[in-house]
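In what follows, every chain begins at residue 1, and chains take the letters A, B, ... in the order their sequences are listed.
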Number of protein chains: 2
Amino acid sequence: MTRKGKDTNTESKILDAARQVFIEKGLAGARMQDIADRAEINKAMLHYYFKNKEMLFELIFRETAGKLFPHFEMLLDSDLGFFDKIRSIVSSYIETMVQNPYLPLFVMNEMNKNPEIGMKNFFEAQKPGFVKKFRASIEVSIQEGLIQPINPLHLIMNMFSMCAFPFIAKPMIKLLTGIEDEQFRNLMDQRKVLVAEFIINSIRK
Amino acid sequence: MTRKGKDTNTESKILDAARQVFIEKGLAGARMQDIADRAEINKAMLHYYFKNKEMLFELIFRETAGKLFPHFEMLLDSDLGFFDKIRSIVSSYIETMVQNPYLPLFVMNEMNKNPEIGMKNFFEAQKPGFVKKFRASIEVSIQEGLIQPINPLHLIMNMFSMCAFPFIAKPMIKLLTGIEDEQFRNLMDQRKVLVAEFIINSIRK
DNA sequence: AGTTTTGTTAACCATTTGGTTAATTTATGA
DNA sequence: TCATAAATTAACCAAATGGTTAACAAAACT
């Protein structure tokens, strides 16, 4: 094995632990010792593999932020009809959140609390451009008379709001409604179709 | 002045500073010294007026969480038509967010990071029940044939998602679209009517 | 085998942090 | 006026925290 120490068991154990801790506690609340403990390694190894807390955090943040907007550009370029594009994006986006429920709150919160770190690493993790593509697609659909006129930005905001917000507000939703994790999960599954139809219903002519 | 030391200049200076710091940095990231500095008082005063960091935080959290759902119950009891209720709630809710843009992220994040503290103090700050009232109101409107059938919970989620999420995602929205604070503010103002009409458009028969 | 590189550890260190204390100043009230 | 209580401060403290070091073990190379 002439590999450059990458993917060592230790290294990935650290990354796994760091992911857990940073996502659970945030940058400010995370403790290096906690990460070392969960990885079952000596704290010094953290600095051996990754220079310091900030470097380790930026790595995890970039990796996580990268999951925020999956293959949407591919989808938007496809020959699906506009409504089916919405259905696909909504469904796949909510599924992403179901798989990574912590995702939206973690990214949004760290971007707010540490704008410099957040923005720098977000750009490295995320190839923007899908917004522009989405906007264009909406404008075309308006021109074609397929949907009612609406500021594309608002439509996009509405869509991602309805997809992501429930995961951010989960504790409050559970508190206000008394539902449990399983029922919450069911609700989110329902939303995969419900949200898309809610949107389409509102904008279709 | 035979008042029991309440509202002392010092005391309210502390509260103002604590509000700033906790909201900006969160519980984990907040520093007592930072609060003392911003209040321009000696750090010991923090412990003189408020036992410790957690007590001070709970106070601020409760106060802040209390703003999350204003006079909705009053509004729901009014004799406004269902659509006008939606218009009123959306508009007043977004205005609340415009006035306190940090509100949703702060509350949601702390409830996630510190479930015990969060939930305990949320209940003390918030008289629930407006959800039940809202659900009932939606069910009646469905029965009356005014709107299409929809799970009230989803409708409520959709509404609050579209109102609150943009404020949580503000840094990302600015990053993805290139807009500045002023334009963001304009967008949010537009949403006061846009979101309500978007919803009504989707559910009306 | 022996030497060099890589991985790992325990102990240590400086700084930060939440919190305390004892002394001092500033009202308050008899 | 004088004693008592309330407010304020500087100095201090112990624990926690991010990070380092020096010694040691395990591979890897020759």
- Item | Side-chain N or O of Tyr49(A) closer than 4.0 Å to phosphate OP1/OP2 of dT8(C) | yes
Self-check item: Short side-chain N/O contact to dT8(D) OP1/OP2 from Thr10(B), under 4.0 Å
Solution: yes
Would you check if the distance from the ring center of [X] to the ring center of [Y] is below 6.0 Å?
{"X": "Phe160(B)", "Y": "Tyr93(B)", "answer": "yes"}
{"X": "Tyr102(A)", "Y": "Phe167(A)", "answer": "no"}
{"X": "Phe134(B)", "Y": "Phe72(B)", "answer": "no"}

Nearest whole Å is fine: how far is [N] [atom2] from [X] [atom1]?
{"X": "Phe57(B)", "N": "dG18(C)", "atom1": "CZ", "atom2": "P", "value": "13 Å"}
{"X": "Met55(A)", "N": "dG18(D)", "atom1": "CE", "atom2": "P", "value": "16 Å"}
{"X": "Phe50(B)", "N": "dG19(C)", "atom1": "CZ", "atom2": "C1'", "value": "16 Å"}
{"X": "Lys13(B)", "N": "dT8(D)", "atom1": "NZ", "atom2": "C1'", "value": "11 Å"}

### Task
Dump the intermediate steps for side chain to side chain donor-acceptor pair (under 3.5 Å) on Gln20(B) and Asp34(B), then the final yes or no.
CA-CA 10 Å; Gln20(B) 274 182 46; Asp34(B) 190 4; over 6 Å; no
Practice problem: Could you check Glu24(B) against Arg38(B) for salt bridge (Lys or Arg N to Asp or Glu O under 4.0 Å), going step by step and ending with a plain yes or no? | Solution: CA-CA 13 Å; Glu24(B) 196 174 300; Arg38(B) 295 208 207 186; 3.2 Å; yes
(request) Answer yes or no: is there a side-chain heavy-atom contact under 4.5 Å between Leu76(A) and Ile89(A)? (result) yes
- Starting from the C-alpha separation in whole Å, work towards a yes-or-no answer on side-chain contact (heavy atoms from CB on, under 4.5 Å) for His154(A) and Val195(B). CA-CA 9 Å; His154(A) 284 300; Val195(B) 167; over 6 Å; no
inquiry  = Salt bridge check, Glu95(A) against Lys192(A): does any charged N sit closer than 4.0 Å to a carboxylate O?
reply    = yes
Within residues 35-47 of chain B, the residues having a heavy atom closer than 4.0 Å to DNA chain C are Lys43(B), Ala44(B), His47(B)
Taking N or O atoms only and anything under 3.5 Å, show me the protein contacts with nucleotides 13-17 of chain D, one pair per line.
unit_1: dT17(D); atom_1: OP1; unit_2: Arg31(A); atom_2: NE; d: 2.7

